[in-house]
K.L.:
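Got a structure for you, questions after.
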Amino acid sequence: VQLQASGGGLVQAGGSLRLSCAASGTHFSSYDMGWFRQAPGKERKFVAAINFSGVTANYADSVQGRFTISRDNFENMVYLQMSLLKPEDTGVYFCAARAGGNYDYISAYRHWGQGTQVTVSS
């Protein structure tokens with residue numbers, strides 16, 4: 001599966017953004033999906049994950065209650081709705097696909113998109 005993330009941009013603290021991840025290829029609906037982010041000079045970290053059917057979602061503590069992950073298996077899309085953004089949410093956001101494994105382990109994800117930049121100003 002090939003992934004293309006979009007929707008990043010510059011936003012003020014307290015604002016909102018919605019990231020999109022378009023998937024192409026076969027068997028998208030069989031993959032669990034995740035979002036990760038990487039701040040400048042820091043390691044890539046888990047943000048949110050959703051299972052193949054869209055029933056189960058998991059979040060990093062830092063975004064719980066502010067971010068919502070969703071998917072549309074008919075359109076082969078995954079979304080990350082981000083609200084109440086903070087400067088510490090700044091980074092490059094990546095969508096990724098996995099077929100099993102722990103949802104918050106980078107190594108569990110086999111397919112990655114190119115990333116989209118999110119910058120939150122204070």
Side-chain angles (χ1 to χ4, degrees):
V1 63
Q2 293 78 45
L3 304 171
Q4 179 83 25
S6 62
L10 174 64
V11 63
Q12 288 188 330
S16 299
L17 276 176
R18 188 176 84 152
L19 304 184
S20 299
C21 177
S24 59
T26 59
H27 307 302
F28 168 74
S29 60
S30 66
Y31 286 95
D32 300 323
M33 298 296 295
W35 286 95
F36 289 76
R37 69 185 179 196
Q38 188 165 17
K42 296 188 177 181
E43 62 184 13
R44 194 171 299 185
K45 292 186 176 182
F46 168 74
V47 174
I50 191 166
N51 76 328
F52 67 96
S53 66
V55 170
T56 302
N58 299 94
Y59 300 91
D61 290 343
S62 59
V63 307
Q64 181 76 47
R66 299 188 298 121
F67 290 12
T68 301
I69 187 171
S70 61
R71 67 189 295 161
D72 184 337
N73 284 346
F74 292 103
E75 298 293 336
N76 285 7
M77 296 290 295
V78 180
Y79 303 100
L80 185 68
Q81 178 66 49
M82 306 185 293
S83 302
L84 300 175
L85 283 162
K86 304 175 181 180
E88 51 263 43
D89 294 320
T90 293
V92 178
Y93 282 69
F94 299 88
C95 61
R98 65 185 174 89
N102 292 331
Y103 62 81
D104 56 348
Y105 281 28
I106 290 177
S107 59
Y109 291 81
R110 294 187 177 182
H111 307 282
W112 291 83
Q114 86 293 356
T116 184
Q117 175 71 45
V118 172
T119 302
V120 184
S121 62
S122 57

K.L.:
Report yes or no: does Thr90 contribute a side-chain atom to a donor-acceptor pair with the main-chain N or O of Val120 at less than 3.5 Å?
P.N.:
yes

K.L.:
To the nearest 0.5 Å, what is the distance between CD1 (Ile106) and CZ (Phe94)?
P.N.:
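Going from CD1 on Ile106 over to CZ on Phe94, the span is 9.5 Å.
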
K.L.:
To the nearest 0.5 Å, what is the distance between CG on Leu80 and OH on Tyr93?
P.N.:
7.5 Å

K.L.:
To the nearest 0.5 Å, tell me how far Met77 CE sits from Ser70 OG.
P.N.:
9.5 Å

K.L.:
Can you measure from CZ (Arg18) to OG (Ser83) and round to the nearest 0.5 angstrom?
P.N.:
11.5 Å

K.L.:
Short question: side chain of Arg110, backbone of Val1 - any donor-acceptor pair under 3.5 Å?
P.N.:
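Pair absent, no side-chain N/O of Arg110 close to backbone of Val1.
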
K.L.:
Quick check: closest heavy atoms across Ser16 and Gln81, and the distance to 0.1 Å?
P.N.:
CB-NE2, 4.0 Å

K.L.:
Are Trp112 and Arg44 close enough, and set up right, to give a side chain to side chain contact (heavy atoms under 4.5 Å, CB included), and what steps lead you there?
P.N.:
CA-CA 12 Å; Trp112 291 83; Arg44 194 171 299 185; 3.3 Å; yes

K.L.:
Hey, what's the ring geometry for Phe46 with Tyr103, parallel, tilted or perpendicular (30° and 60° as the breaks)?
P.N.:
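Rings of Phe46 and Tyr103: tilted, as their planes differ by 30° to 60°.
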
K.L.:
Do the two ring centres, one from Phe36 and one from Tyr109, sit under 6.0 Å apart?
P.N.:
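Yes, the ring of Phe36 comes within the 6.0 Å limit of the ring of Tyr109, centre to centre.
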
K.L.:
Please report the closest heavy-atom contact between Ile69 and Ala57, naming both atoms and the distance.
P.N.:
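Heavy atoms only, the tightest pair is CG2-CB, 3.7 Å.
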
K.L.:
If I compare all heavy atoms of Met33 with all of Val78, which pair ends up nearest, and what's the gap?
P.N.:
CG-CG2, 3.6 Å

K.L.:
Measure centre to centre between the rings of Tyr31 and Phe52, then say whether the value is under 6.0 Å.
P.N.:
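Judged by ring-centre distance (under 6.0 Å), Tyr31 and Phe52 do not meet the cut-off.
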
K.L.:
Using every non-hydrogen atom in the two residues, find where Cys95 and Ala5 come nearest and quote the distance to one decimal.
P.N.:
SG-CB, 4.1 Å

K.L.:
Nearest 0.5 Å please: distance from the CG atom of Asp32 over to the CG atom of Asn102.
P.N.:
11.0 Å

K.L.:
Take Tyr105 and Arg98, measure what side chain to side chain contact (heavy atoms under 4.5 Å, CB included) needs, and give me the verdict at the end.
P.N.:
CA-CA 10 Å; Tyr105 281 28; Arg98 65 185 174 89; over 6 Å; no

K.L.:
Has Arg66 got its NZ or CZ under 6.0 Å from the middle of the six-membered ring of Tyr59, at an angle within 45 degrees of the ring axis?
P.N.:
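Ring-cation test returns no.
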
K.L.:
With a 4.5 Å cut-off on side-chain heavy atoms, are Val118 and Arg37 touching?
P.N.:
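The answer is no; the side chains never approach within 4.5 Å.
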
K.L.:
Can you give me the closest heavy-atom contact between Leu84 and Asp89, atom names plus distance?
P.N.:
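The answer is O-OD2, 4.4 Å.
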
K.L.:
Does the side chain of Leu10 reach to within under 4.5 Å of the side chain of Gln117, using non-hydrogen atoms?
P.N.:
no

K.L.:
Taking atom CH2 of Trp35 and atom OH of Tyr79, what is their separation to the nearest 0.5 Å?
P.N.:
10.5 Å

K.L.:
Taking all non-hydrogen atoms of both residues into account, name the closest pair between Asn76 and Asn73 and its distance.
P.N.:
OD1-O, 3.3 Å

K.L.:
Using side-chain heavy atoms (C-beta onward) and a distance below 4.5 Å, is Ser20 in contact with Glu75?
P.N.:
no

K.L.:
Decide side chain to side chain contact (heavy atoms under 4.5 Å, CB included) for Phe67 and Leu85; before the verdict, give the C-alpha distance in whole Å, the side-chain angles of both, and the deciding distance to 0.1 Å.
P.N.:
CA-CA 9 Å; Phe67 290 12; Leu85 283 162; 3.8 Å; yes

